[in-house]
Number of protein chains: 4
Amino acid sequence: MGRLGIHSFVWTGGQTQDGLERALEKSAEHGYRTIEFAYLRPELFDLDRLAQKAQALDVEIGVTMGLPRDKDVSSTDPDAVKAGKQMLADAVHAVRDIGGNKLGGILYSAHTKYDRQPTPEGWKNSIDAIAETAEIAQAANVDLVLEVVNRFETNLLNTTAQGLKFIEDTGSDHVRLHLDTFHMNIEEANPAGAIRLAGDKLGYFHIGESNRGYLGDGTIPFDRVFDALLDIDYQRDIVFESFSTAVVDESLSLACAIWRDTWTDNDPLAAHAKEFIELKMAEAERRRATNSRP
Amino acid sequence: MGRLGIHSFVWTGGQTQDGLERALEKSAEHGYRTIEFAYLRPELFDLDRLAQKAQALDVEIGVTMGLPRDKDVSSTDPDAVKAGKQMLADAVHAVRDIGGNKLGGILYSAHTKYDRQPTPEGWKNSIDAIAETAEIAQAANVDLVLEVVNRFETNLLNTTAQGLKFIEDTGSDHVRLHLDTFHMNIEEANPAGAIRLAGDKLGYFHIGESNRGYLGDGTIPFDRVFDALLDIDYQRDIVFESFSTAVVDESLSLACAIWRDTWTDNDPLAAHAKEFIELKMAEAERRRATNSRP
Amino acid sequence: MGRLGIHSFVWTGGQTQDGLERALEKSAEHGYRTIEFAYLRPELFDLDRLAQKAQALDVEIGVTMGLPRDKDVSSTDPDAVKAGKQMLADAVHAVRDIGGNKLGGILYSAHTKYDRQPTPEGWKNSIDAIAETAEIAQAANVDLVLEVVNRFETNLLNTTAQGLKFIEDTGSDHVRLHLDTFHMNIEEANPAGAIRLAGDKLGYFHIGESNRGYLGDGTIPFDRVFDALLDIDYQRDIVFESFSTAVVDESLSLACAIWRDTWTDNDPLAAHAKEFIELKMAEAERRRATNSRP
Amino acid sequence: MGRLGIHSFVWTGGQTQDGLERALEKSAEHGYRTIEFAYLRPELFDLDRLAQKAQALDVEIGVTMGLPRDKDVSSTDPDAVKAGKQMLADAVHAVRDIGGNKLGGILYSAHTKYDRQPTPEGWKNSIDAIAETAEIAQAANVDLVLEVVNRFETNLLNTTAQGLKFIEDTGSDHVRLHLDTFHMNIEEANPAGAIRLAGDKLGYFHIGESNRGYLGDGTIPFDRVFDALLDIDYQRDIVFESFSTAVVDESLSLACAIWRDTWTDNDPLAAHAKEFIELKMAEAERRRATNSRP
C-alpha cells in the first residue's frame with residue numbers, strides 16, 4: 001500500500017487553525033503519513049502555514065467534501081449546478097494551495113439523505129461537472145477521486161459498478177474511485193469482489209468499521225478486504241476514518257448521523273487503528289505468500 | 001421459530017384494496033404463514049374483508065409503521081407528541097380490527113433521517129407514549145414491538161442495548177423488540193451477540209440482506225444469525241423484507257432510500273427467500289444437534 | 001459449472017455389482033449427472049454393464065483412488081514405484097472400460113498417514129510416474145486430476161501451490177488439479193485465493209464440509225468458494241462428498257478416519273446437498289451480476 | 001483470560017536441559033506468562049532446576065502429552081491399559097515435581113492415526129484410567145485437562161460433546177476439557193457454540209491456526225472464538241501453538257504430520273502471536289461492551 005493516513009475529524013472538529021495544526025501533529029506523532037481534511041474555506045484558514053507544517057512533518061494532505069444541496073451538480077437546477085462547479089473548482093485550488101495531493105468525497109452530488117430519485121438529466125449534469133473539474137484538477141496536479149457511499153448519503157453512486165460507469169461516462173482518465181469499507185458493507189453484494197472490479201481505477205481507500213467506531217468493533221471481514229487490495233496490487237493511500245460525538249464537526253455529524261459515542265478518547269483509537277491495519281496488511285501479505293509458495 | 005412471513009411490499013405498493021388482497025393470496029400461495037402490512041388508514045380500506053381473507057388463507061397479519069415528523073413522540077413539541085400518541089392508539093385499533101396480532105416498526109420516533117441529536121426530554125416523551133400505547137395494545141390483545149433501526153432512519157434506538165434500556169424505562173412487560181438483520185449489520189458490534197442479549201425480549205424478527213435485495217446477495221453471515229435465534233429458543237415470527245423500485249410505496253421508498261432495483265420480479269424473490277430461510281434454519285438446527293451430540 | 005455429481009460412497013460401500021448399480025440409480029434419481037466411484041478391480045465387477053447403465057441414465061462416471069503403501073510411486077523403493085505405475089495404468093484402462101471420463105485422487109503417493117518426511121527422490125519418482133500415466137491417460141481419452149489433500153492423508157501435495165509445482169515438473173498439459181473444500185479448510189491459507197491461483201489448472205472439484213457431514217454443518221464459508229469458482233469461470237464437474245460409518249467401505253473409512261456418524265440416512269443427505277450447492281451457486285452468480293451491474 | 005502462554009516447541013525440540021531452559025527464557029522475554037512442555041522423562045532432565053528457573057521468571061508450566069500405542073488406556077489389552085495408567089501417574093508426579101499446574105493432551109488414548117474404530121470396552125477402560133488419574137492429580141494439586149483433537153490424532157474424543165460425556169462418565173469433578181482451535185476447525189459444527197457448550201468445564205485453551213502456522217494465516221474466524229471465550233467468562237490459560245519443521249521434536253512432528261515450514265524464525269512468530277491474541281481479546285472485550293451499552 002501507499003501511505004497510511006487518518007481523518008482529521010478523529011482529532012478536531014476542524015473549526016480552527018490551531019485544531020488543524022494539532023491534528024497534523026497528532027497524526028505524525030502516531031506514525032500516520034497522510035491526513036484527510038474536510039474542505040477548508042481559504043478565507044478562514046492560513047493554508048500556507050498548514051502546507052508548511054505538513055511538509056515539515058512529512059504528512060501528505062488529502063481533502064474530501066460533499067456538496068451542499070444548493071450546489072448539487074446532480075441537480076436539474078442550472079443555478080445549483082453552476083454553483084457546484086464553482087465550488088469544485090475552488091476546492092481543487094484550495095487543495096493545490098495547501099500542498100495537498102487529492103480531492104475526494106461526494107463531489108458528484110449533495111451529501112445528503114435525498115428525498116427524490118436520481119434522474120438521467122441529473123446524471124448528465126454531474127458527469128459534465130466532474131469532467132470539467134477533472135481538467136482543472138489535472139492542470140493543478142491534484143488527483144480527483146469520487147467516493148462511492150451508502151444510499152442514505154447520496155442517491156447517485158452507491159456501488160463500485162455505478163462509479164465505474166460514471167467514470168467511463170466522463171471520458172476522463174484523471175478520475176478514480178474512492179471506496180470505503182463502511183459504505184461497501186451496506187451496498188456491495190461482495191465488497192472484496194467490488195475492490196477487484198475497481199482494479200486500477202481505485203484511487204483512494206477508506207478503512208472504517210460498520211458502526212463507524214473502533215476497527216474490529218463491528219461486522220466487516222477485513223481479512224477479505226486486505227486480500228482484495230493485494231489482489232489488485234493497490235499502491236495508493238489507505239486512510240482510517242471513525243466518527244464520534246466526542247469530536248464534532250456538527251454538519252458532518254448530522255450528515256453522517258452520528259448519534260452515539262463509540263469512543264471518547266482519540267489517542268488509543270488512533271493507536272489501535274494503526275496497529276490493526278498494519279497487522280491485517282502483514283497477515284494478508286503472509287497469506288498470499290503462503291498460498292503461492294510450493 | 002414461529003410463523004414465516006413476508007412483507008407486503010414485495011407484492012404491492014399498498015395503495016389499493018385489491019393490491020392488499022392480492023398480497024395475501026401471493027403470500028399464501030408461496031407458503032408464507034404471516035404477512036406484514038404497513039399502517040392502513042381505516043377510512044381507505046375494508047379491514048373486515050382483509051381480516052376474513054387472511055383468516056380463510058390461514059395467514060396472520062402484522063402491521064408496522066414509522067411515525068411522520070409532525071407526529072414524532074420523541075419530539076419536544078407537545079403537539080407533535082400528542083398527535084403521535086393518537087396515531088399509535090389508532091394504529092393499535094386498526095391492527096385489532098384487521099385481525100392482526102402485532103404492531104411494530106419505528107413507533108417511538110419519526111421514521112426519518114434526523115438532522116438533530118436526540119434529547120433526554122424527547123426520550124422521556126417517547127417512553128411515556130410507548131408506555132401508554134402498551135396499555136392500549138395489551139387491552140386490545142395486540143403485541144407491541146419496537147424496531148431497532150439504523151442511524152439514518154431514527155436517532156433514538158439504533159442498537160439492541162438501547163432498545164432494552166428503553167423497554168426497561170417504560171416499565172411495561174408488554175413491549176418487546178423488533179430486530180432486523182439489515183439494520184443490525186450497520187449498528188451492532190456483534191449481531192449474534194445482540195440477539196442473545198435480547199433473549200426473551202425479542203418479539204419479532206426481520207430477515208433482510210445488507211443491500212435489501214435477495215438473501216445471499218450481500219454481506220450478512222446468516223448462519224450466525226440463525227445459530228443465535230436457536231440459542232435464545234426464539235419461537236416468534238420471522239419475516240422476510242426486501243425493497244425494490246419495481247414495487248413502490250413512494251413514501252417508504254424515500255424513507256428507506258431505495259434508488260436501485262435489486263430485483264424486478266417478485267415471485268422468484270419470494271420463492272428463494274422461503275427456500276433460503278428454511279434451509280438455513282434447518283442447517284442451524286442440525287449444527288446445534290451435531291454440536292451437542294456425544 | 002459442469003455436471004453436479006455425488007460420491008458413490010454416499011450410497012454404497014462399493015463391494016458389490018448390485019451396490020454400484022443402485023448407486024447409479026440413486027444418483028440419477030436425485031438429479032446428479034455424474035458419479036464418483038472408487039477404483040474398481042476389473043476382475044470383480046462387470047464394467048460393461050456399469051457403463052451401459054450409466055449411459056442409459058445419462059450419468060457420467062469419474063474414478064478416484066489412493067495408492068496403497070506397497071504401490072507408492074513417491075517411494076524410494078523401485079519395486080513399489082513400479083507396482084504403483086502398473087496400478088495407475090490399470091486404473092486408467094478401467095476408467096476407459098467403464099466409460100468414465102476421469103481418474104483422480106491421491107495418484108502421486110500412498111493414501112495414508114505417513115510416518116516419514118517426503119524426499120526429493122520420492123518427489124522425482126512420483127513426477128515420473130504421473131508423467132507416464134498422463135501419456136497413457138491422454139491416449140485413452142481419460143482426464144487425469146491429482147487431489148490435493150490434508151497432511152494426514154499424504155505428505156506430498158497438501159496445497160494448491162505444491163500441486164501446481166508438481167504439474168509443472170511433469171511437463172504434461174494433461175494433468176490438472178483436483179481440489180476439495182474439506183482438505184483446503186485444513187491446509188490453505190486462503191482457500192478462495194487458492195482456487196483463483198489454480199485457475200484453468202483446476203480440473204475437478206469436491207464439495208465437502210469441514211467435518212465431512214452435511215453441507216452447512218461445519219465451518220467452511222462456501223459463499224467465498226463459489227465466488228472463486230466463478231472468478232476463474234470454472235466449467236468442469238463439482239462433486240459432493242460425505243462419509244459416515246452408516247455406509248462403509250472399511251478401508252476408506254479407516255484412511256479417512258471416519259469414527260462418527262454425521263448422518264445415517266443417505267437420501268435426505270443427497271437431496272440437501274444438491275439443493276445447497278445449486279442455491280449457493282445461484283447466489284454466487286447473482287452476487288457477481290449485482291456487483292458488476294451499474 | 002488467565003495467563004497467556006506459548007508451546008515450548010516454538011523454541012526447542014525439547015531434547016536437552018539447555019533447550020528447555022532457553023525456551024523458558026525466550027517465553028518470558030516475549031512476555032508470555034506460561035509455557036507448555038511435552039512430557040519430560042524425569043530421568044533425563046533436572047526438573048528442580050527447571051522449576052526454579054520458571055519461578056524466577058514468573059512463568060507457569062503446563063505439561064501435555066499423548067500416550068504411545070503400547071500404553072493406550074483406551075485399548076482392550078489389559079497390559080497396555082496398565083502401562084498407560086502407570087505412565088499417567090508418573091506424568092502427574094513429574095508435573096508436580098517441575099512445579100507445574102496442569103497435565104493435558106491426549107491422556108485418554110494413544111496419540112496416533114488409528115486404524116480401527118473405537119470400542120465400548122476401550123471407552124470404559126479409558127474412563128477408569130482417567131478417573132484414577134484424576135484422584136492422583138487432585139492429591140498432587142495438578143489440574144487434569146483432556147485435549148479434544150481431530151480424527152487423525154485420536155479416534156475417541158473428537159468433539160466437545162464427546163469430551164463432556166467422557167467427563168460425566170468419569171464421575172470426577174477434577175477433569176476438564178482442553179480445547180484447541182486447530183482441532184475444532186476440523187471437527188466442530190460450530191466451534192464458538194462448542195466453547196459455549198463446554199462452559200465452566202473448559203480448563204485449558206490452545207490457539208492455533210488452521211494450517212498450524214502464523215495466526216491469521218489460515219481460515220479460523222478468531223473473532224467468534226474470543227467472543228465465545230468471553231461469553232463463558234473463561235479465566236483460565238490460553239496458549240499459542242504452532243509447529244514447523246524448523247524446530248523439531250521428531251516424534252511430535254510425525255504424529256502431527258508437519259511436512260511444511262510455515263515459518264522458520266521463531267522470534268517474529270512468537271511476537272506476532274502475542275500481539276494478535278492480545279489485540280483480538282481487546283477487540284472482543286470492546287465488542288461485548290459496545291453491544292451491551294445502551
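What's counted below: heavy atoms across the whole structure, side chains too, no hydrogens, waters or symmetry copies. Convention: sequence-line order gives letters A, B, ...; per-chain numbering from 1. All of these numbers come straight from a predicted model, not from anything done at the bench.
Ring centroids of B:F222 and B:F276 are separated by less than 6.0 Å, placing the two rings close together.
Across B:I220 and B:G208, no two heavy atoms sit closer than the pair CD1-O, 3.3 Å. Taking every heavy atom of both residues into account, C:A198 and C:L164 meet most closely at CA-CD1, 4.2 Å. Nearest approach of C:A54 to C:I61, heavy atoms of both residues: CB-CD1, 3.6 Å.
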Are there donor-acceptor atom pairs under 3.5 Å between chain C and chain B, and if so which?
| unit_1 | atom_1 | unit_2 | atom_2 | d |
| --- | --- | --- | --- | --- |
| C:G216 | O | B:R287 | NH1 | 2.7 |
| C:D217 | OD1 | B:R287 | N | 3.3 |
| C:D217 | OD1 | B:T290 | OG1 | 3.3 |
| C:D217 | OD2 | B:T290 | OG1 | 2.7 |
| C:H272 | NE2 | B:E283 | OE2 | 3.0 |
| C:E283 | OE2 | B:H272 | NE2 | 3.0 |
| C:R287 | N | B:D217 | OD1 | 3.4 |
| C:R287 | NH1 | B:G216 | O | 2.6 |
| C:T290 | OG1 | B:D217 | OD1 | 3.3 |
| C:T290 | OG1 | B:D217 | OD2 | 2.7 |

Subject >> side-chain contact (heavy atoms from CB on, under 4.5 Å) between C:L202 and C:L229, worked out >> reply: CA-CA 10 Å; C:L202 182 58; C:L229 291 173; 3.8 Å; yes
Subject >> Intermediate values then yes/no, side-chain contact (heavy atoms from CB on, under 4.5 Å), C:L230 and C:M281 >> reply: CA-CA 9 Å; C:L230 290 180; C:M281 183 55 90; 4.1 Å; yes
